[in-house]
Amino acid sequence: MEFTRLGIIDLFGILTPGVFLLGNIILILYGIGIFAELLMGILRDPFLAIVVIFFVGYLLGSILRLFPPKRVDSLVSLYLLKIKKYRWAKDNFPYYRTLLVERYKSYNNVLSKVADFILEESGMEKIKDYSQKEDKSFFNYCKLLIRENSSPLSAEIYRMEALVRLLSGVFLSSCIGLCGFVVVLILNFTSFIATPTDEFIYTYLILSVLYLTILLAILKRFRFIRFTEVMTVWVSFYLVRKEKLTWQASRKALNRLNPKRYY
C-alpha cells in the first residue's frame, strides 16, 4: 500500500507538474535566447534528455509541492466570489459548512448520516461559524485511520489527493509559463531580442492562449474536485468507524459525491 501511495503521489502529484514546469522553463529560455544551444544539445541526446527530464522535473515538482493546494484554493475562492458570485466560496478547507451542513446534512440518505457523524466526531457541531475555521487536524486523523484499516478506501483517497496535487502543480506551472511567454512576446515586439520567424511569435501566442485556457478551466473546477476529495475522506471514515456498509455498497455512496450537481 505504501508503494502504491508513493507511486501515485510521486507520479501525478510531483513528477508530472515538475516536468510540465521544466518544459515551460525550456521554452522561455529558448524564446529569449539564453542557453538555447545548450538546451538543444541536451534534447538531441535521448539518454541525457531522459535523465534531465526525470531528475530536474522531480526536483521542480518537489519545489512546487512546497506550495500547498491552499494557495490555488485561495485564488479559486476569489474567482468564485467575484465572478461566479458563490457566497459559499468563502468557506475554508475542509469546507465543513458547505458540504456537511448546507448540503449533505439536508438529504435523507446515507450522506446525511455521514454529515451528522463527522460533525459530532470532529466537534464542529458546537461551532457556529464554520467558515472562519480551517482545522485540518481531524481531517488528517481520518486519513490516517482509514490508511490503517482499509486499503481500498485508502487507495481511493490517494487517487483523489494525487489529482488535487496535480491540478495545483499544473496551475502554478501554467502561471509561470504564461508570464514567461508574455515576457518573450514583449521582448520581441520591443525589439530587445531578434525575432527568428513569424511562426516563432505565433507559437508563443498560441501557447499563451492555451495556458490561459488551462488556468480558467482549473479555476472553474478545482474547488469541486477538492470537494470530492474531502467527501471521499468523510464517507470512508464513516465506513471504517461504523462498519455499516461493505466496500461494494460504499461505491454507490462515493459515486454520488459529485458536488457540481448541487451548485
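Computed from heavy atoms alone, side chains included, the values below leave out hydrogens, waters and symmetry copies.
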Exercise. Stepwise, does the side-chain contact (heavy atoms from CB on, under 4.5 Å) test hold for F93 with K70?
Worked result: CA-CA 8 Å; F93 182 87; K70 175 184 177 182; over 6 Å; no
For this session: Give the C-alpha distance, both sets of side-chain angles, the deciding distance and a yes or no for side-chain contact (heavy atoms from CB on, under 4.5 Å) between W88 and R97.
Result: CA-CA 8 Å; W88 51 261; R97 173 173 290 281; over 6 Å; no
For this session: Could you check L81 against Y86 for side-chain contact (heavy atoms from CB on, under 4.5 Å), going step by step and ending with a plain yes or no?
Result: CA-CA 5 Å; L81 281 171; Y86 294 155; 5.8 Å; no
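Between A89 and L80, the shortest heavy-atom distance links the atoms CB-CB, 3.6 Å. The shortest non-hydrogen separation linking T98 to R103 is O-CG, 2.9 Å. I118 and L100 make their closest contact through CG2-CD1, 3.5 Å (heavy atoms, listed as atom of the first residue, atom of the second, distance). Heavy atoms only, all atoms of each residue included: V170 and I218 are closest at CG1-CD1, 4.0 Å. Here the shortest heavy-atom pairing between C142 and V233 reads CB-CG1, 3.8 Å.
Rounding to the nearest 0.5 angstrom, the gap separating the OG1 atom in T16 from the CG atom in L21 is 12.5 Å. For the atom pair K84 NZ and L219 CG, the distance stands at 10.5 Å (nearest 0.5 Å). Atom CD1 of residue I176 and atom CG of residue L178 lie 11.0 Å apart, to the nearest 0.5 angstrom. Note that CZ of F139 is 11.0 Å distant from CG of L144, once rounded to the nearest 0.5 Å. Taken to the nearest 0.5 Å, the CG atom of L163 stands 8.5 Å off from the CD atom of E229.
With contacts defined as side-chain heavy-atom distances shorter than 4.5 Å, the pair M160/I225 qualifies. Between V101 and Y96 the shortest side-chain heavy-atom distance does not fall below 4.5 Å. Counting heavy atoms from C-beta on, the side chains of F54 and L15 come closer than 4.5 Å. Residues F171 and R71 have side chains not in contact (no heavy-atom distance under 4.5 Å, counting atoms from C-beta outward). Within the 4.5 Å cutoff, side-chain heavy atoms of L60 are placed close to those of I25. You'll find the side chain of P17 stays beyond 4.5 Å of the side chain of L172, heavy atoms only. Looking at R165 and I14, their side chains never come closer than 4.5 Å, going by heavy atoms from C-beta outward. Put simply, the side chain of S236 does not reach to within 4.5 Å of the side chain of E156, judged on heavy atoms.
No side-chain donor-acceptor contact under 3.5 Å links S168 to the backbone of V164. Looking only at distances, no side-chain donor or acceptor of S151 sits under 3.5 Å from a matching main-chain atom of R147. Side-chain atoms of N140 come within 3.5 Å of backbone atoms of K136 as a donor-acceptor pair (strictly under, hydrogens ignored). Looking at N149, its side chain never comes within 3.5 Å of a backbone N or O of V240 through a donor-acceptor pair.
Under the 4.5 Å side-chain heavy-atom criterion for ILVMFWY residues, no single connected hydrophobic cluster contains both L167 and L78. Connection of I206 to V184 is not established within any shared hydrophobic cluster, with ILVMFWY side chains joined at heavy-atom distances below 4.5 Å, either directly or through further cluster members.
Ring centroids of F138 and F237 are separated by less than 6.0 Å, placing the two rings close together. Residues W234 and F117 place their aromatic rings such that the two centres sit no closer than 6.0 Å.
Here side chain to side chain donor-acceptor pair (under 3.5 Å) pairs that include residues 174-185, with residues two or more places apart or in two chains, number zero. Residue pairs that meet the side chain to side chain donor-acceptor pair (under 3.5 Å) test with at least one member in residues 74-83, sequence neighbours left out, do not exist here. Sorted by first then second residue, the salt bridge (Lys or Arg N to Asp or Glu O under 4.0 Å) pairs that include residues 137-146, not counting sequence neighbours, are K143-E161.
The side chain to side chain contact (heavy atoms under 4.5 Å, CB included) search around F55 returns V51, not counting sequence neighbours. Partners of I53 according to the side chain to side chain contact (heavy atoms under 4.5 Å, CB included) rule, which considers only residues two or more places apart in sequence or in another chain, are V19, L22. Taking the ring-ring contact (aromatic ring centres under 6.0 Å, His included) definition, one finds that F222 meets it with nothing, sequence neighbours left out. For E148, there are no side chain to side chain contact (heavy atoms under 4.5 Å, CB included) partners at least two apart in sequence or on another chain.
Results of the side chain to side chain contact (heavy atoms under 4.5 Å, CB included) test with Y104 over L99, V114, V235 single out L99 as the only residue that passes.
With no hydrogens or angles considered, a side-chain donor-acceptor pair links D73 and Y95 at under 3.5 Å.
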Let me check something: any side-chain donor-acceptor pairs from residues 208-216 under 3.5 Å, sequence neighbours excluded? List them with distances.
{"residue": "S208", "atom": "OG", "partner": "Y204", "partner atom": "O", "Å": "2.8"}
{"residue": "Y211", "atom": "OH", "partner": "N24", "partner atom": "OD1", "Å": "2.4"}
{"residue": "T213", "atom": "OG1", "partner": "V209", "partner atom": "O", "Å": "2.9"}

